[in-house]
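Here's the structure we're looking at; comments come further down.
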Amino acid sequence: ASQTPTVIIIGAGMSGISAAKTLQDAGIRDILILEATNRIGGRVMKTQFSGYAVEMGANWLFGGGPVHNPVLEMAKKVKLKTSLNDYDNLTSNTYKQDGGLYPKKLVEAVEKIAVARDDFCAEFSTLLTKKVKKDVDISILAGQRLFKQEPKTPLEMVIDYYHNDYEDGEPPKVTSLKHTYPRNEFVDHGEDPYFVADPRGFEIVVQYLAKQFLSSLKSDPRLKLNKVVREIIYSKNGVAVKTEDGSIYKAKYAIVSVSVGVLQTDLIDFRPKLPLWKRLAISDFSMTIYTKIFLKFPYKFWPSGPGTEFFLYTHVRRGYYPLWQHLENEYPGSNILFVTVTAEESRRVEQLSDQEIEAEVMVVLKTLFGNNIPKPEDILVPRWGLNRFYKGSYSNWPDKYNQNRHDQLGDPVGPVYFTGEHNSNKYIGYVTGAYFTGIDTANDLLGCIKNQTCRGYNSQHM
Ligand code: FAD
């Protein structure tokens with residue numbers, strides 16, 4: 001990199017790396033990527049747990065659909081180890097609050113209604129987009145009410161959780177119908193859920209993309225790790241980016257790829273303050289938390305074999321340790337189980353100690369499998385919401401948030417451009433969304449660099 005690069009990219013997650021690659025391919029080679037942590041990958045992040053690589057962040061890739069999924073393509077190139085998850089048997093594996101399974105027929109009936117409700121919501125959303133004024137939107141819950149089959153009982157709630165919260169990270173009550181249904185990631189890329197379980201981690205895919213333009217992920221001068229950006233001073237003349245260690249980097253433009261959760265905090269101080277329209281667009285969007293709690297046991301006491309990979313736990317409190325998965329297919333003999341919680345439950349458990357969480361989880365497991373089950377040997381609780389570099393897991397489109405505001409979320413301000421998963425129009429929350437927005441933002445900036453059509457300087461934008 002030269003002394004003053006043309007573009008500084010803040011963050012080396014999927015969107016930052018894909019933006020950088022797009023600039024490089026277009027001949028803009030003097031770039032500098034500043035990343036707060038000691039690695040690239042961002043929310044695509046594995047860790048070692050009891051000798052096995054588990055994904056704390058993104059875990060699934062989707063395939064089998066009519067639209068090419070470039071992230072899946074890259075995964076294939078690096079021979080990423082995945083297994084196709086099978087949720088079909090959930091109706092046989094749904095436990096009551098006080099233990100014991102629900103009769104399969106009963107769960108099947110509830111599931112059938114949930115599927116019909118999803119179909120209705122998808123059709124109704126299309127109708128809203130086509131026929132009703134641009135700004136009109138409703139929550140998924142309102143859509144469910146229009147279907148006249150709003151989930152009410154704990155069993156209906158846990159099935160609804162599986163259909164919605166488990167994907168959006170937030171309940172139907174707060175989630176936009178129009179911008180969530182139909183679920184583009186599945187419609188386009190497919191509903192085949194490829195679960196990543198690879199010793200190298202899902203992050204090998206981000207590394208693969210980065211290696212196409214960086215000579216090394218440790219020593220290429222265009223990538224600086226452990227650089228926490230704290231201040232971005234911007235004007236018509238360019239940007240000055242200050243990091244926590246006191247360094248200052250100057251460039252003509254910046255691309256900010258941090259999560260919307262981070263933008264909602266004061267980690268990065270923009271000078272001058274970002275304009276009000278931008279701050280409103282940032283503060284009104286939603287960053288949710290999705291928590292996978294991993295538990296390692298000395299031996300298996302849960303059902304194993306075909307059709308047992310997932311089970312549901314029903315509770316009057318919606319989302320209380322609802323969805324469980326074992327890793328026997330991926331890591332035979334690992335004796336690892338994990339349970340997923342989201343949104344307010346995630347916020348709550350993040351405040352507890354690991355011991356307190358373990359105690360709650362063990363009450364649930366003892367209810368299902370008896371009092372003689374062993375204590376876990378280890379527990380892993382990712383705390384995405386508390387981490388200042390993420391402040392949550394991924395974004396979710398709130399029901400009162402319109403398209404105009406979302407466009408503003410992604411709009412540049414002077415020489416400062418914005419990218420990241422939350423700016424995706426089609427695949428919000430997904431690694432594919434991050435990948436595509438990186439390309440889109442870079443192309444937007446290239447238009448400015450090469451053709452002088454700089455959207456950041458539209459009169460409304462400064
Ligand atoms: P990030 O990955 O957050 O990249 C931003 C980068 O900026 C990070 O590396 C961060 O360290 C860095 N940064 C932050 N602040 C600063 C600063 N001040 N200075 C410098 N650098 C900074 N997606 C799927 O497709 N499938 C899934 O199954 C899936 N499950 C998920 C489960 C969980 C628990 C989580 C957390 C995410 C999941 N996702 C999933 C979402 C997916 O991981 C994200 O959409 C995607 O990785 C986001 O990429 P990004 O580049 O937009 O943001």
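Treat the numbers as computed from the prediction; the structure is a model and nothing was measured. In this chain, numbering begins with 1 at the start of the sequence shown. Note that ligands are numbered from 1 as they come in the structure, with each ligand's atoms numbered from 1 the same way.
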Heavy-atom side-chain contact between [X] and [Y] under 4.5 Å:
{"X": "I449", "Y": "V7", "result": "yes"}
{"X": "R43", "Y": "W384", "result": "yes"}
{"X": "L446", "Y": "L23", "result": "yes"}

Got a salt bridge between R383 and D354, using NZ or NE/NH1/NH2 to carboxylate O under 4.0 Å?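 Yes, charged N to carboxylate O under 4.0 Å.
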Please identify each residue that fulfils side chain to side chain contact (heavy atoms under 4.5 Å, CB included) with Q144, with sequence neighbours left out.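 Residues passing side chain to side chain contact (heavy atoms under 4.5 Å, CB included) with Q144: R117, C121, I140, L141, P151, D160, N164, P172.
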Under a strict 4.0 Å criterion on non-hydrogen atoms, which protein residues are in contact with ligand 1?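 Ligand 1 pocket, heavy atoms under 4.0 Å: I10, G11, A12, G13, M14, S15, L34, E35, A36, T37, G41, G42, R43, V44, M56, G57, A58, N59, W60, K227, V228, V229, S257, V258, L267, I268, Y290, W384, F389, Y390, S393, Y394, G420, E421, G429, Y430, V431, A434.
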When the ring planes of F338 and F294 are compared, do they come out parallel, tilted or perpendicular, using 30° and 60° as the limits?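 Tilted: the ring planes of F338 and F294 meet at 30° to 60°.
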